[in-house]
K.L.:
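Got a structure for you, questions after.
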Amino acid sequence: MRPFISLTAAMASSIAVCRLHMRGRGSLATCLQRVDTFLLRSIGTNVAAAQTEAPRKDEADEKDGRKSLYAVQAERQEQAERSVLISCPSRTSEKKILKYLSRHGDIKKYFSYESYGTYAVVEFAKWESVASILEGAAIPSASHESMVPFKSRLLSLRNLGPADSNQQSSQQSQPQTTIPINELIERLSREESIAQQITSLTEAYQLTEENSRLRFLVCSLLQDIATAYFPECTIRPFGSSVNGFGKLGCDLDMILDLDSISGRNIKMPKAGLSLEYQMKRANSERAVTQSILSVIGTCVDQFGPGCVGVQKILNARCPLVRFAHQPSGFQCDLTANNRVAIKSTELLYLYGELDPRVRSLVFTVRCWARAHGITSSIPGAWITNFSLTVMVLFFLQRRSPPIIPTLDHLRDLAGPADKSVIEGNDCTFVSDFSKIQLQSNTETLEQLLCEFFEFYATFAFTKMSINIRKGKEQNKPEVTPLHIQNPFETSLNVSKNVNATQLDRFVALCQESSWLLQQSETVSPAGRPTPWGLATLLLPSQIAGIKSRKKRKREAASERIKGLLESLKNKNQQKS
Ligand code: CTP
Ligand code: MG
């Protein structure tokens, strides 16, 4: 699928939007700029696609049923551009809403969800329908408050007619958060094997099709704000929203991508006249990123409908703007110029696509870690989900035979078009799935989970560093409790924040969970409603029980030693 609609369609829709702008506040210049911008964006993206798409073999990826992240993102972005987000009145039937909205054109996808009220995502078949719906929308009357005159694709549907009778909530709402842990434990307890429990957990936790669409739509809505300053920019999700390891309710990491402006340059002719832009200079690239994020952050704060609690965290290693997007319920982190993170997102996605056991194991370990407070949504000395994911990948590389290849091997398989060096860091790795030959490892998910806990229960954390580039532990280059080498910025430690207490807790939990799994039945005990297998591992009280059992064991051992010493003493006394 092409990343953008055809040029003629793009022109038509831009013109439709221009009409809208001219009626509202825009001048002819604004209008022309928008047409121009839209064309530039369409052409720009297509040029960029042409440069990278052919060698990336998207078609080849799709042939064996796997799409590259690049292809998935292009499709989702294009869907998002044809979509609007609408707050809907409760007690209005879906049928009625659909009938009303379809006056603007064919609807390709519709779903609703709850977040501070009922919201609907409406994807039209054509972009013109979005222009038409915006043209028909009214400005809210401001009786007490003043309105910021910023129009966006976030709308409210009003129903001044009678509410639909006998309809409490007439919409089939799609859940956007995970089921509570006790419900999950109940569900897992009903499964027949530990392997099935792992699969069931993955299905319950992973992002749904709808949630993924909503994430791209939020990026697209924010892009509409950012393009007021940088018409060619794009805002794209990265991290767990797109790397295949995202859990419902995870944060939305976004990158403001200005590469289409600064990265794609026209070659200056060697002789004759030519033009170049006059541009303001700054001290460093970091300073440019900070000032861009600062301005966009202010815009999001002051003009962005539904964006609340905006915080500019510009002095962080990776400057960002953090805010909550209320209509979607997402906690958002907007960064810029964070290209290495895009590469690590692509790498994680690739690993997740190579073998279904990768994702299942990552989900299970992430869920287990969250249930026991090993990870947290609050920043601190905890192990992060990203670190935990790298730890699972490393473990899978250490199996015999390995389940996934090392990053060095993926780099060796790369073609010329995969070459990527970002700020001096080699980020090259193969993108063509068909070039990657996997070894035949037949271990079950149950074995792998048990072995994972065993592996980290006995790992030499004091001396060794986890390294997915080499697929082998390396001597630690620095004294930190946990050292996980950043796959691309190899001098950095991904888990620098983790303190000794948190690492000790992780190791102790691995020991206890490994012990617990070994004691557990491997298939569902017939007719028993109590948690078993993986479900037991997610019960904090159960682990606490194990702790006290262990404590009791330790106490018993020290009692035995005490007794032994006593008897030796007595013997010695008898001898003398
Ligand atoms: N990242 C990185 N180096 C780090 C931390 C993060 O390269 N030290 C990149 C990774 O690509 C990561 C992304 O930034 O996936 C987003 O970071 P974060 O939100 O912390 O992790 P997620 O993978 O998104 O996991 P979560 O579901 O907890 O948000
Ligand atoms: Mg994240």
Side-chain angles (χ1 to χ4, degrees), residues 69 73 176-178 202 205-207 211-212 215-216 218-219 235-257 313 316-325 328-352 358-359 362-371 373-394 407 420 422-423 425-427 429 465-469 478 480 482-498:
L69 182 57
Q73 287 200 313
Q176 303 304 320
T177 50
T178 45
T202 311
Y205 269 38
Q206 70 196 352
L207 297 186
N211 195 269
S212 182
R215 285 169 189 268
F216 276 87
V218 171
C219 289
I235 291 189
R236 292 191 278 147
F238 72 98
S240 61
S241 294
V242 280
N243 67 17
F245 301 116
K247 168 184 157 209
L248 278 170
C250 69
D251 69 355
L252 173 57
D253 303 295
M254 292 176 278
I255 184 164
L256 172 69
D257 190 356
I313 309 170
R317 188 179 77 80
C318 182
L320 67 121
V321 176
R322 178 165 288 168
F323 57 95
H325 186 259
S328 62
F330 295 143
Q331 184 63 38
C332 302
D333 277 352
L334 177 66
T335 59
N337 195 20
N338 192 5
R339 282 173 293 154
V340 178
I342 298 270
K343 288 311 280 187
S344 59
T345 301
E346 278 175 21
L347 180 69
L348 261 51
Y349 174 85
L350 183 126
Y351 274 130
V358 180
R359 268 191 196 132
V362 170
F363 271 106
T364 307
V365 171
R366 278 189 172 200
C367 180
W368 162 85
R370 192 74 176 89
I374 292 286
T375 52
S376 166
S377 55
I378 310 159
W382 292 276
I383 299 177
T384 62
N385 275 329
F386 180 60
S387 298
L388 210 53
T389 307
V390 177
M391 287 171 98
V392 176
L393 296 179
F394 181 72
L407 177 51
S420 166
I422 301 169
E423 290 151 21
N425 300 300
D426 185 6
C427 300
F429 61 91
S465 158
I466 290 163
N467 185 315
I468 60 163
R469 183 161 275 284
E478 59 186 56
T480 43
L482 177 61
H483 194 281
I484 304 173
Q485 191 195 54
N486 187 311
F488 297 118
E489 293 169 291
T490 53
S491 63
L492 299 181
N493 174 10
V494 165
S495 54
K496 208 180 166 135
N497 62 314
V498 178

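Both counts, for ligands and for their atoms, begin at 1 and track the order of listing.
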K.L.:
Can you report which non-hydrogen protein atom sits closest to atom 19 (O) of ligand 1, along with the distance?
P.N.:
Asp253 OD2, 3.0 Å

K.L.:
As an exercise, identify every atom of ligand 1 less than 4.0 angstrom from a heavy atom of Ser240.
P.N.:
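In order of number, 22 (P), 23 (O), 24 (O), 25 (O), 26 (P), 27 (O), 29 (O).
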
K.L.:
Do the side chain of Ser495 and the main chain of Leu482 share a donor and acceptor less than 3.5 angstrom apart?
P.N.:
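Yes, Ser495 side chain to Leu482 backbone: donor-acceptor pair under 3.5 Å.
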
K.L.:
Starting from atom 3 (N) of ligand 1, find the nearest protein heavy-atom neighbour and note its residue, name and distance.
P.N.:
Phe386 CE2, 3.5 Å

K.L.:
Heavy atom under 4.0 Å from ligand 1: found in Arg366's side chain, backbone, both, or neither?
P.N.:
side chain

K.L.:
Find all atoms of ligand 1 within a distance of less than 4.0 Å from any non-hydrogen atom belonging to Phe238, and give their numbers and elements.
P.N.:
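Listed by number with element, the hits are 13 (C), 14 (O), 16 (C).
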
K.L.:
Among all protein heavy atoms in this structure, tell me which lies nearest to atom 15 (O) of ligand 1, with the distance rounded to 0.1 Å.
P.N.:
Gly239 CA, 3.4 Å

K.L.:
Among the N/O/S atoms of Asp251, which is closest to the Mg ion (ligand 2)? Give the atom name.
P.N.:
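Atom name of the closest N, O or S in Asp251: OD1.
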
K.L.:
Could you list which atoms of ligand 1 come closer than 4.0 Å to a heavy atom of Thr345?
P.N.:
11 (O)

K.L.:
Is there a protein heavy atom at a distance of less than 4.0 Å from atom 26 (P) of ligand 1?
P.N.:
yes

K.L.:
Below 4.0 Å from ligand 1: does a non-hydrogen atom of Lys247 turn up there or not?
P.N.:
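Per 4.0 Å heavy-atom rule, Lys247 does not contact ligand 1.
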
K.L.:
May I ask you to decide if Pro237's main-chain N or O and Gln73's side chain share a donor-acceptor pair within less than 3.5 Å?
P.N.:
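Yes, the answer is positive, given that a donor and an acceptor are paired below the 3.5 Å cut-off.
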
K.L.:
Quick one: which ligand 1 atoms are inside 4.0 Å of a heavy atom on Asn385?
P.N.:
25 (O), 26 (P), 27 (O), 28 (O)

K.L.:
Mark yes or no for whether Arg359, through its side chain, and Gly244, through its backbone, hold a donor-acceptor pair below 3.5 Å.
P.N.:
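It does hold such a pair.
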
K.L.:
When you measure from the side chain of Thr335 to the backbone of Met254, do you find a donor-acceptor pair of N or O atoms at a distance under 3.5 Å?
P.N.:
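Flag set: sc Thr335 to bb Met254 pair under 3.5 Å.
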
K.L.:
Taking the non-hydrogen atoms of Asp251, is any one of them nearer than 4.0 angstrom to ligand 1?
P.N.:
yes

K.L.:
Do side-chain atoms of Asn493 reach the backbone of Ile484 as a donor and acceptor pair under 3.5 angstrom?
P.N.:
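Such a contact is found between Asn493 side chain and Ile484 backbone.
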
K.L.:
Any idea which heavy atoms bring Val242 and Tyr349 closest together, and the distance?
P.N.:
O-CD1, 3.6 Å

K.L.:
Looking at the Mg ion (ligand 2), which N/O/S atom of Asp253 is the nearest one?
P.N.:
OD2

K.L.:
Can you check whether Ser491's main-chain N or O pairs, donor with acceptor, with Asn486's side chain at less than 3.5 Å?
P.N.:
no

K.L.:
Counting distance only, does the side-chain N/O of Arg469 pair as donor-acceptor with the main-chain N or O of Thr490 below 3.5 Å?
P.N.:
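No: the side chain of Arg469 does not pair with the backbone of Thr490.
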
K.L.:
Considering non-hydrogen atoms only, spot the tightest contact between Phe245 and Leu348 and give its length.
P.N.:
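Heavy-atom minimum between the residues: CE1-O, 3.4 Å.
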
K.L.:
Where do Ala336 and Ile255 come nearest, in terms of heavy atoms and distance?
P.N.:
CA-CG1, 4.4 Å

K.L.:
With atoms numbered from 1 as shown, which atoms in ligand 1 lie under 4.0 angstrom from a non-hydrogen atom of Ser344?
P.N.:
7 (O), 9 (C), 10 (C), 11 (O)

K.L.:
Output the list of atoms in ligand 1 that are nearer than 4.0 Å to some heavy atom of Cys250, sorted by atom number.
P.N.:
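Close to Cys250: 27 (O).
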
